[in-house]
Amino acid sequence: MKVQQMENNDNNNKNVSTEAKEYDFRQAEERWSNYWQQRDMHKAEETTKKPKKYVLEMFPYPSGRLHMGHVRNYTLGDVVARYNRMRGFNVLHPMGWDAFGLPAENAAIERNIHPETWTLSNIDYMKQQMKKLGFSYDWDRELATCLPDYYKWTQWLFLKLYEKGLAYKKRAKVNWCPHCKTVLANEQVIDGKCWRCHTPIEKREIEQWFFKITAYADDLLKDLDDLDWPEYVKAQQRNWIGRSEGATVRFQIEGTDKYIEVFTTRLDTIYGATFMVLAPEHPLAKELTQGTELEEDFNAFLKAITLKPEIDRLSTEKEKEGFFLGKYAINPFNGERLPIYAGDYVLMEYGTGAIMAVPAHDERDNAFAKKYHLPIIPVVVPKDGTKASEKGEDVLFTDYGTLVNSGPYSGKTSEEALDLMATYLEEHQLGSKKVTYRLRDWLVSRQRYWGAPIPMVYCEKCGMVPVPEEELPVVLPREVDYMPGDLVSPLATDPAFVETTCPKCGGPARRETDTMDTFVDSSWYYFRYADARNENEAFSKDAENYWLPVDIYIGGVEHAVLHLLYSRFITKALKDMGYTHVSEPFSKLFTQGMVTLGGSAMSKSKGNIVDPDDILKNYGADAARMYTLFVAPPEKDFEWSQQGLEGIVRFLRRIWNFYGKHAARLEGVNSANENVEAHSEWDSKALRASNRLVYRVTSDIEDNYRFNTAIAGMMEFLNEITEYDDKVSSAVMKEVLETFAKVLAPFVPFMAEELWSTMLGNEPSVHEQSWPAFNEELLEEAQVEVAVQINGKFRGTIIVPNGAPEEDVKNAVLRSGSFTKYFDQGYKKCFYVPNKIINFIV
RNA sequence: GGGGGCGUGGCGGAAUGGCAGACGCAGCGGACUUAAAAUCCGCUGGGCUUACGCUCGUGUGGGUUCGACUCCCACCGCCCCCA
């Protein structure tokens, strides 16, 4: 890496003349960040008649230092924020820290630093980096989720959800790492192993807190339609919510008055059911074997299955494990006896935890039937009759079709049968139509230290009692044992924390010792920014009413489901409780691509890191910003390239030198502004070029943030004006260079200030100027070049007056010497697209 | 298997029915320099041609159209999500 030799130039900051000094980014960055800070220029206005714009980027986890992905994400947001300020919006552009979470605890364990100390010092460092990059945040609204003045309100949110019945406690299976002696979140289990020590995880059943996100499943699904979000993110959420319409059916267990209830989306295949499968954990499975000779074997089977990762159990590729329970169920449609199995591929958490197995029409049932030699009876054939003759075993047909072997329903289509059979079920009280979702309730308790304590106490007399609102926050104690052992929360090791009194009866009570998932912290932070310093409420109704929803939310794809779904749920819950007027938090979502090196995402373990600090030190903030914007469309991944960065450095230097070249002659000159008529050919060319620049950059930004082509437009502008700059009058040159400085401002905020004030001698700040307007009329040239095609092949061009009628253009081509050779036989037909192309068929 | 996305020079990418390859990187040639770096100027998809030019070319094969990277059908390959 090359360090530019600015020091040599030793600026006394005078004498900016035709011999331009190099751009001293260090000096400019220091000077202007101080200036912005002193003037409080990035503060969102509290009361104003201006229309608002809430520009938000996903806040970072304070891991230590910024990585290139952050730089890209926050640069995108900053350009949007600065652009909108210049457009006259009252912009809210805040930043904060998703500051609870595991890495802080790991640092504590590995390096013996308190998680809080570690986190806060990381925040300090990263905040300085952000300032160096010129990000225009309103730091007065900064928040960190790990501080009591924030998590107090996270706890408040928990209490509100509890009051509403949306937070509840139940027993559930969790992932437990026997080596680390701790519970892990699902995301921290990779291929069934602990992400840290690679020990296979086990399932343990303990009491957990849940948020009832399933209560909003339908709203979460429906409201996706109206969001201005990338289609694939919406598709992923739809997929995750997984609505399916079907029916529940009750199968009587032979010789008893017990029933097995199943959920199926393929009721039309019920005549093909040849056995039943219960989840091994299903209470009936135990009941059916209890006291029989199968009991011992079944318990061993159950234990083995419990240790299997869910993903393996559901896989269509992994071999299925089953256990015959010795009993039979009766098919309510045809009275067939169906052997009842326990099978690993059926999960207690899905549907009713039991299925009717139709091996002819379901892949996994088919595999299971083959393994245990169970009959396979086809009852649906393709509608077009193909392969209907093929029989039995190897025909697995999973589509809808026409029913056969299905008693009175034979000959009906699957669609007809689904409806008729469901009606039959309801009439005979054997079951009913039902809608189910794949979405499960959100498990929010964590047996971890570094998180917001769940504000509940357990009293011997009164049972579970919520901490009263006025006693919040429940403060996280400072000294605990981070690694307390089997299924014990770190907070449980601090008696001073645990032992408390009951808010109801005043008797002895114990605090809940679990903390909340950090996704709870981040599910509502965008509300807090609207009113970040409010000590009496999470946020005021007025602030919420003015600022929400977030107009544009920018971040990585990895949150497509988790964070973005949780936030939508919390917003809907807050709306139902009357705390917000919006039912969706983020009107527009923009997902930026990854920054890669050597073809894969930068990561410490791969050793392919580019450190933003090095880039800042050697090239400056403007170059770093401009490069990340130029190199690829913002939604696509891009491969970091040192040479590409240097190309941008060259472009910035060319801009700087160009201003330097003209600075002396522009001193004291008034810019041309309106009186365009009097200009020479060259003046007029320059004004048109700058008008085109404004048009191009504006429309590229408005059209889904196409910053890469906006910057290409800037390059084209500079290339063009460099061709004839000496012929342009001083007044027009000044006007044009002022416009260019304004256009550059959101992209390269430091250099734009230097160009605007030092070079052009204007009053700072360029960021307080209005975004330049463009003149539609000036986009049109008097003469246009029209492409000439003969039989659809390009054969040359012709210059005609702008807007010339078809006849004129046609005649011009026919008269022109260059094309006569094609018209020996005249022409048959002609197509003309005004000002663009003319096509003759000869 | 289902859903979503993508496929254009040596590379990143432009062009969304109208001159394919804007802009940049890399490369080649030239100017400046004792020299190098930096900077500036020119060239740069393939093939044929001394040249004017001609011709092929946007993953593959078909189709619609005066005209297709762009729209339609089928296929191949890659990436992401879900199973």
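In what follows, chains carry the letters A, B, and so on, assigned in the order in which the sequence lines appear, proteins first and then strands, with residues in each chain numbered from 1.
When the C1' atom is used for both B/G45 and B/A22, the distance is 15 Å, rounded to whole Å. Between B/G61 and B/C76, the distance separating the two P atoms is 15 Å to the nearest Å. Spacing between B/G46 and B/A36 at atom P, rounded to whole Å, works out to 29 Å. Distance check on atom P: B/C73 versus B/U64 gives 15 Å, rounded to whole Å. For B/U44 and B/A26, the C1' atoms lie 11 Å apart once the distance is rounded to whole Å.
Going from atom CD of A/Gln789 over to atom P of B/C66 covers 13 Å, rounded to whole Å. Between the C1' atom of B/G24 and the OH atom of A/Tyr627 lies a distance of 10 Å, rounded to the nearest Å. Taking atom CG of residue A/Asp365 and atom P of nucleotide B/A83, one finds them 17 Å apart after rounding to whole Å. Taking atom CZ of A/Arg440 as the reference point, atom P of B/C82 lies 13 Å away to the nearest angstrom. Spacing between atom CG of A/Asp637 and atom C1' of B/C79 amounts to 9 Å, rounded to whole angstrom units. Rounded to an integer number of Å, the gap from CD1 of A/Ile790 to P of B/C66 is 17 Å.
Picking from B/A20, B/G18, B/U39 the nucleotide with the shortest atom distance to the side chain of A/Asn839 gives B/G18. Side-chain proximity of A/Met715 to the nucleotides B/C23, B/G4, B/A38 is greatest for B/C23. Taking only side-chain atoms of A/Ile841, from C-beta outward, the nucleotide of B/C54, B/C66, B/G24 with the closest atom is B/C66. The side chain of A/Ala787 lies closest to B/C19, out of B/C19, B/A26, B/G18. Checking B/G12, B/A26, B/G4 against the side-chain heavy atoms of A/Val631 singles out B/G12 as nearest. Comparing B/A14, B/G12, B/U39 by their closest approach to the side chain of A/Asn708 singles out B/A14. Distance from the side chain of A/Arg438 is smallest to B/A83 among B/G12, B/A83, B/G4. Out of B/G13, B/A26, B/C19, the shortest distance to the side chain of A/Ile837 is found at B/C19. Closest to the side chain of A/Thr709, out of B/G4, B/C25, B/A15, is B/A15. For A/Lys793, taking side-chain heavy atoms from C-beta onward, the closest of the listed nucleotides B/C56, B/C19, B/C23 is B/C56.
Note on A/Phe840: nothing from the nucleic acid sits closer than 4.0 angstrom, heavy atoms only. At the heavy-atom level, A/Lys829 lies nowhere under 4.0 Å from the strands shown.
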If you look only at distance, which donor and acceptor atoms sit under 3.5 Å apart when one is on a side chain in residues 706-713 of chain A and the other is two or more places apart or in another chain?
from, atom 1, to, atom 2, distance (Å)
A/Arg706, NH2, A/Asp700, OD1, 3.1
A/Thr709, OG1, A/Asp700, OD2, 2.9
A/Thr709, OG1, A/Arg706, O, 3.0

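Pair assignment for B/G45: B/C56, on the basis of Watson-Crick or G-U wobble contacts that are both within less than 3.5 Å. Across all strands shown, B/C40 forms a Watson-Crick or G-U wobble pair with B/G30, both key distances being under 3.5 Å.
Side-chain atoms of A/Asn239 and base atoms of B/C82 include no donor and acceptor less than 3.5 Å apart. In the interface, the side chain of A/Gln236 is not paired with the base of B/C80 through any donor and acceptor atom under 3.5 Å apart.
Across all their heavy atoms, A/Val610 and A/Met68 have their closest contact at O-CG, 3.7 Å.
In this structure, A/Lys434 places its NZ atom where only 12 or fewer heavy-atom neighbours from other residues, nucleotides or ligands lie under 6.0 Å away.
Paired with A/Phe747 under the rule side-chain contact (heavy atoms from CB on, under 4.5 Å), one option of A/Thr75, A/Val697, A/Asp622 passes, and it is A/Val697.
Although no hydrogens or angles enter the test, the distance criterion places no donor-acceptor pair under 3.5 Å between the side chain of A/Asp344 and the main chain of A/Gly322.
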side-chain contact (heavy atoms from CB on, under 4.5 Å) between A/Tyr832 and A/Ile837, intermediate numbers included
CA-CA 6 Å; A/Tyr832 179 57; A/Ile837 197 164; over 6 Å; no
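Using a 90° window around 0 for the glycosidic torsion, B/G77 falls outside it and is classed as anti.
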